[in-house]
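A short worksheet on the structure shown next.
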Amino acid sequence: MTTHTTSRSGALAPIAFVSRQDGSRWIEMLAQAMPCERIVDDNALSDTEALLVEIAIVADPSPERMARYPHLKWIHSVWAGVERLVPLAAARQLPLVRLVDPMLAQTMAEAVLAWTLYLHRDMPAYAAQQRERIWRSHTYVAAGALTVGILGLGELGRAAAARLVDAGYRVIGWSHSAKSINGVETFTGGTGLHMVLARANVVVVLLPLTSDTHHLLNAERIAAMREGASVINFARSAVVNTDALLQALDGEKLSHAVLDVFDEEPLPTNSVLWNHPKITVLPHISAPTNRTTASMIVAANIHAFRESGAIPVVVDVKRGY
């Protein structure tokens, strides 16, 4: 079954690209990946054309812009995180497809390994010593003597766990549902989360943001962490309670935090996080989307829909991912 909607003139109905940001690069790559489709910037579509749109490709769209498309059949995000889209999809009962790109998972795994090594090999301490012109070596600890705990064992978490295992670390992981991963000891439930936090030298946060994970790392759970542990947050800022994290860093409970996600981005210049001696601030660069591979995945999904009407695996709006 082929599903092509056309205008009265016979032209193929457009696919809207909706984003708060400049979408020109995305539109260029998507057009190359599916030359038979019309990918049009939301701002360039007339209200009349908007009525024909059945598919929207989105990158953090504003809700009011999505309201222009009353005849949408489904939404395809080019981001892995979809928490801002879930309320919209739920309200309109629209299938929502998030980006699942193996390239994204490998990029994230690379970042998790890089910044785990950064903490493991005392890079924050050596950087501080350089500023003070202090020449002092720290005792080397082998990778196998360190335990890395991963919170979230989806596509990104599994790829990161495999990379860490290959590097020689002891890896443990926690997720809402039970998972089995070679070389990784896995846990679930409240007791399992406590065990991971209590054992890990480095806690890597890779969980989606949902009502269940909002402030999952609160003061109580941070207090349950191993003395001198570090945190890497590559998920969403609100999974970690920032005030509780700061208190733990200032109170010597935790040794360092690598933060790549924030409540407000770009991080305001007056934020206390910039100059905190135990915080490394990153500008949301842990796993940038590869437009080329992402566009090919989106194109394949839309082609399948055109051919058979099949919509790819969608987000469970009740769970939020």
Side-chain angles (χ1 to χ4, degrees), residues 1-6 12-19 23 25-40 42 52-61 63 65-66 69-109 152-159 175-177 179 206-210 235-236 287-321:
M1 178 179 69
T2 301
T3 57
H4 286 287
T5 301
T6 58
L12 189 65
I15 295 174
F17 183 86
V18 191
S19 177
R25 289 287 306 282
W26 269 114
I27 292 170
E28 178 185 353
M29 298 303 299
L30 288 162
Q32 290 178 16
M34 42 185 149
C36 294
E37 299 285 352
R38 291 177 58 214
I39 317 297
V40 185
D42 164 58
L52 296 172
V53 171
E54 294 182 340
I55 306 170
I57 302 171
V58 303
D60 189 26
R65 297 305 293 180
M66 296 303 295
Y69 306 106
H71 302 305
L72 277 179
K73 291 185 176 178
W74 58 292
I75 303 170
H76 201 316
S77 175
V78 292
W79 287 9
V82 292
E83 67 277 355
R84 293 179 183 176
L85 288 167
V86 166
L88 169 69
R92 294 179 58 178
Q93 297 184 326
L94 281 172
L96 170 60
V97 178
R98 69 182 182 90
L99 181 68
V100 180
D101 186 351
M103 178 63 73
L104 181 69
Q106 291 308 311
T107 304
M108 178 62 83
L153 297 174
E155 296 288 333
L156 304 183
R158 290 195 297 271
S175 56
H176 280 295
S177 56
K179 300 286 174 59
L206 292 175
L207 288 161
L209 178 59
T210 68
R236 289 291 184 264
T289 301
N290 183 304
R291 287 189 178 91
T292 300
T293 58
S295 295
M296 292 173 64
I297 290 167
V298 173
N301 288 337
I302 289 176
H303 177 74
F305 172 73
R306 295 298 196 198
E307 290 297 310
S308 67
I311 295 174
V313 176
V314 298
V315 171
D316 183 334
V317 294
K318 291 183 178 179
R319 293 191 305 170
Y321 59 94

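Counting from 1, the numbers follow the sequence of the chain as shown.
In this structure, CD on E155 lies 12.5 Å from CG on L206, to the nearest 0.5 angstrom. Here the CZ-CD1 distance, from R291 to I27, works out to 11.0 Å after rounding to the nearest 0.5 Å. For the atom pair H176 NE2 and L153 CG, the distance stands at 11.0 Å (nearest 0.5 Å). Atom CD1 of residue I75 and atom OH of residue Y69 lie 11.0 Å apart, to the nearest 0.5 angstrom. The structure places CD1 of I311 at 8.5 Å from NZ of K73, a figure rounded to the nearest 0.5 Å. With rounding to the nearest 0.5 angstrom, the CZ atom of F305 is 6.0 Å from the CD atom of E54.
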Ignoring hydrogens and angles, write down the donor-acceptor pairs under 3.5 Å from the side chains of residues 98-106, residues two or more places apart or on other chains.
{"unit_1": "D101", "atom_1": "OD1", "unit_2": "M103", "atom_2": "N", "d": "2.9"}
{"unit_1": "D101", "atom_1": "OD2", "unit_2": "T293", "atom_2": "OG1", "d": "2.6"}
{"unit_1": "Q106", "atom_1": "OE1", "unit_2": "R163", "atom_2": "NH2", "d": "3.1"}

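With sequence neighbours left out, I15 forms a side-chain contact (heavy atoms from CB on, under 4.5 Å) with E37, I39, I55, I57, I302, R306. By the side chain to side chain donor-acceptor pair (under 3.5 Å) test, E28 pairs with no residue at all, sequence neighbours left out. By the salt bridge (Lys or Arg N to Asp or Glu O under 4.0 Å) test, R319 is found to be paired with D316, residues two or more places apart in sequence or in another chain being considered. For D42, the salt bridge (Lys or Arg N to Asp or Glu O under 4.0 Å) partners at least two apart in sequence or on another chain are R65, R68.
Contact between M66 and P61 at its shortest, heavy atoms only, is SD-CB, 3.9 Å. Here the closest non-hydrogen pair linking G152 and L207 is CA-CD2, 3.5 Å. In this structure, A299 and A33 approach most closely via the heavy-atom pair CB-O, 3.6 Å. The minimum heavy-atom distance linking P14 with L52 is given by the pair CD-CB, 4.5 Å. The two residues F17 and G23 come nearest to each other via the heavy atoms CE2-CA, 3.6 Å. Taking each heavy atom of A159 and A109 in turn, the nearest pair found is O-CB, 3.4 Å.
Residues V82 and P208 fail the side-chain proximity criterion, which asks for heavy atoms closer than 4.5 Å. T292 places a side-chain heavy atom less than 4.5 Å from the side chain of M29. Contact annotation: the side chain of V298 never approaches that of W26 to less than 4.5 Å [non-hydrogen atoms, C-beta and beyond]. Residues V314 and L96 fail the side-chain proximity criterion, which asks for heavy atoms closer than 4.5 Å.
Note on residues 79-88: pairs passing side chain to side chain donor-acceptor pair (under 3.5 Å), not counting sequence neighbours, are D60-R84, E83-R236.
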